[in-house]
Trainee: 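The structure under discussion is supplied below as structure tokens; questions concerning it will follow.
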Amino acid sequence: MLKDMAAKALSVSPQILVEKSMLGWKEVEYEVVRDHLDNCVTVCNMENFDPLGIHTGESIVMAPSQTLSNQEYHMLRDTAIKVVRHLGIIGECNIQYALHPESLEYAIIEVNPRLSRSSALASKATGYPLAFVAAKLCLGLPMTEVINQVTKKTQAAFEPSLDYIVTKIPRWDFEKFQGVSHQIGSAMKSVGEVMGIGRTMEESIQKALRMVDPSIAGFQPKKRYETLSEIKQELKVPTDKRIFAIAQALHDNLLTVEEIHEITKIDHWFLRRLENIVHTWNKMEQTTSSDMSNELLLEAKKNGYSDRQIADCVSDDATEDDIRTKRKAAGIMPHTKQIDTLAAEYPASTNYLYMTYHGMESDVESSNGGVIVLGSGCYRIGSSIEFDWCGVSAIRTLRKLGYYSTMINYNPETVSTDYDECDRMYFEELSRERVLDIYEQDKSQGVVVSVGGQIPNGLAIPLDKAGAKILGTPAKMIDNAEDRQKFSDMIDEIGVQQPAWRELTSMESAFDFSAQVGYPVLVRPSYVLSGAAMNVAHNDKQLRA
């Protein structure tokens with residue numbers, strides 16, 4: 001195996017490195033900034049949920065680190081500063097460590113003397129504009145003369161302090177390809193990432209999971225594994241679905257936290273937080289929506305549960321609106337908090353915002369009007385910077401026209417989530433529940449759903465039915481264009497030709513239609529972008545697959 005790997009590597013590079021394996025060690029990163037006067041600060045430290053062996057771009061990442069002791073944190077911080085000074089870095093630098101989980105032994109994996117993919121996450125997670133500051137430092141300005149443009153209060157030499165947790169989860173698009181391995185490891189395969197923010201890991205990771213794809217409800221089983229051995233194999237040899245295997249193991253009480261740790265080497269602290277989420281689920285299963293106490297409902301919201309999740313969990317036929325009505329009547333509403341880099345230690349004026357159920361009050365007042373623009377979410381194959389350009393252009397146009405503008409998005413890699421593009425930036429879910437929370441709290445004039453791609457477009461009907469004002473194309477017309485049956489009826493009505501098609505719900509009817517029109521046939525759902533879930537079948541076997 002080593003010979004095969006070496007041969008492949010040497011075919012594209014003149015040399016290779018063979019290193020000692022540190023599988024199971026913690027992986028930690030520090031973002032460090034230094035100026036020409038030798039002023040040096042650490043901006044953000046991040047810890048991988050997955051132990052070493054999975055590329056940091058493929059791993060769930062928490063910022064700031066959650067399981068390091070004070071001694072471990074400062075040991076790695078001091079080392080990072082020494083390394084950056086020794087290398088003479090001017091600007092920004094990223095250092096990655098391997099830390100033994102049961103001792104103070106550590107090793108430097110690599111040093112990136114530049115901005116990296118992690119820098120965008122660190123910048124958005126802390127509110128410290130790394131690229132802006134690094135550019136100033138490269139031009140010879142000292143940190144003491146560079147003002148943090150987010151806070152307007154502190155110098156660049158002020159190290160950020162966070163009173164929240166950021167969870168980064170990658171997005172993969174393996175389903176776009178046939179026969180591709182879903183296994184994740186030391187090589188990056190993800191195409192984008194999301195950033196969920198909360199006051200606890202439970203709240204943060206549930207939000208982030210929903211951000212990856214609207215079909216994900218949160219930390220609960222998604223693809224059911226038939227046997228315990230299948231779950232253990234998924235935990236041992238990770239794929240993009242490992243988090244859901246952990247969810248099934250805990251939800252179905254198939255494995256203990258200790259057993260999952262032994263297989264995955266994921267830290268006990270992370271697994272205990274996930275277990276807390278499941279404990280709340282178990283309590284909700286024992287009650288109905290009408291009998292659920294306000295205390296349990298608040299606990300569920302603090303642990304990151306959406307209204308839809310709660311409705312699906314309770315033992316009666318409650319709907320998402322039933323849960324929303326109940327919690328609003330009980331005064332259980334999210335509070336708006338600032339990403340201010342200061343942990344609220346000093347007054348700050350920043351438009352970087354997120355919502356949480358852990359606060360007692362909001363950091364900002366209602367905007368009393370303005371227009372909400374829904375962003376495109378995380379990058380995926382077929383949905384990339386083109387939609388971010390559309391969202392940013394819409395925001396800039398609104399501001400030129402004198403409208404107070406609000407962006408809702410959760411992609412740390414985009415211009416639309418930059419601090420200076422809009423009047424208010426919510427790092428939040430693109431869901432019916434969260435958009436309505438913001439719409440109602442800020443008393444918005446309307447919502448633009450048409451510039452962010454398919455995710456916001458799919459919210460047009462739910463938001464319209466809930467009473468939100470959709471700006472631009474009416475929600476009913478969007479539905480007429482997106483729904484295959486409605487669109488076909490409209491085309492027939494105006495006398496335009498279209499390919500023969502049929503809406504099918506069984507394999508038998510699919511075979512009958514294919515025999516009638518002849519192969520090849522195109523299989524596609526409604527409300528999709530860039531051919532998602534679309535396939536061409538050339539025979540019965542391919543159609544069945």
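Just so you know, residue 1 is the first one in the sequence shown, and it goes up from there.
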Trainee: Under 3.5 Å, is there a donor on one side chain and an acceptor on the other for Tyr357 and Arg327?
Mentor: yes
Trainee: For Asp442, is there an ion pair with Arg424 - N to carboxylate O distance below 4.0 angstrom?
Mentor: yes
Trainee: Salt-bridged, Lys486 to Asp489, with N to O below 4.0 Å?
Mentor: no
Trainee: Provide the full list of salt bridge (Lys or Arg N to Asp or Glu O under 4.0 Å) pairs with a residue in residues 509-518, sequence neighbours left out, each pair given once.
Mentor: none
Trainee: Ring pair (Phe, Tyr, Trp, His ring centres under 6.0 Å) with His279: which residues, sequence neighbours excluded?
Mentor: none
Trainee: Which pairs, with at least one residue in residues 209-220 and sequence neighbours excluded, count as a salt bridge (Lys or Arg N to Asp or Glu O under 4.0 Å)?
Mentor: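 Pairs touching residues 209-220 that pass the test: Arg171-Asp213, Arg210-Glu429, Asp213-Arg380.
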Trainee: Within the 4.5 Å heavy-atom criterion, are Thr414 and Asn409 side-chain neighbours or not?
Mentor: yes
Trainee: For Ala300, give me all partners under side-chain contact (heavy atoms from CB on, under 4.5 Å), at least two apart in sequence or on another chain.
Mentor: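 Listed in chain order: Thr280, Met284, Tyr305, Ile310.
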Trainee: Partners of Lys283 by salt bridge (Lys or Arg N to Asp or Glu O under 4.0 Å), sequence neighbours excluded?
Mentor: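 For Lys283 the salt bridge (Lys or Arg N to Asp or Glu O under 4.0 Å) partners, ignoring immediate neighbours, are Glu299.
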Trainee: Under a 4.0 Å N-O cut-off, is there an ion pair linking Arg324 with Glu440?
Mentor: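 Yes, Arg324 and Glu440 are salt-bridged.
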Trainee: Any carboxylate oxygen within less than 4.0 angstrom of a Lys/Arg side-chain nitrogen, looking at Glu421 and Arg399?
Mentor: no
Trainee: Going by side-chain contact (heavy atoms from CB on, under 4.5 Å), name the residues that satisfy it together with Phe487, two or more places apart in sequence or in a different chain.
Mentor: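 Listed in chain order: Met490, Ile491.
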Trainee: Could you pull out all residues at least two apart from Lys301 that satisfy salt bridge (Lys or Arg N to Asp or Glu O under 4.0 Å)?
Mentor: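 With sequence neighbours excluded, Lys301 shows a salt bridge (Lys or Arg N to Asp or Glu O under 4.0 Å) to Asp307, Glu433, given in chain and number order.
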Trainee: Under a 3.5 Å threshold, yes or no: a donor from one side chain and an acceptor from the other, between Ser376 and Asp388?
Mentor: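 Distance-only check fails for Ser376 and Asp388.
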Trainee: Is there a donor-acceptor contact under 3.5 Å linking the side chains of Trp281 and Gln309?
Mentor: no
Trainee: Indicate whether any N or O donor in one side chain lies under 3.5 Å from an N or O acceptor in the other, for Asn368 and Tyr404.
Mentor: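 Their side chains do not contain a donor-acceptor pair, so the 3.5 Å distance test is not met.
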Trainee: Which residues pass the ring pair (Phe, Tyr, Trp, His ring centres under 6.0 Å) test with Tyr352, sequence neighbours left out?
Mentor: Phe427
Trainee: Indicate yes or no: does Arg273 engage Glu202 in a salt bridge with an N to O separation below 4.0 Å.
Mentor: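 Looking at Glu202 together with Arg273, the answer is yes, because their closest N to O distance falls below 4.0 Å.
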Trainee: Can you sort out the partners of Arg502 under salt bridge (Lys or Arg N to Asp or Glu O under 4.0 Å), two or more places apart, ordered by chain and number?
Mentor: none
Trainee: Without placing hydrogens or testing angles, list every side-chain donor-acceptor pair under 3.5 Å for residues 466-477, not counting sequence neighbours.
Mentor:
none

Trainee: For His182, which residues count as a ring pair (Phe, Tyr, Trp, His ring centres under 6.0 Å) partner, sequence neighbours excluded?
Mentor: Phe174
Trainee: State plainly whether the residues Glu320 and Lys326 are in salt-bridge range, i.e. N to O under 4.0 Å.
Mentor: no
Trainee: Not counting sequence neighbours, which residues clear salt bridge (Lys or Arg N to Asp or Glu O under 4.0 Å) with Glu275? List them please.
Mentor: Arg272
Trainee: Knowing that exactly one of Thr406, Leu398, Leu463 qualifies, which makes a side-chain contact (heavy atoms from CB on, under 4.5 Å) with Ile372?
Mentor: Thr406
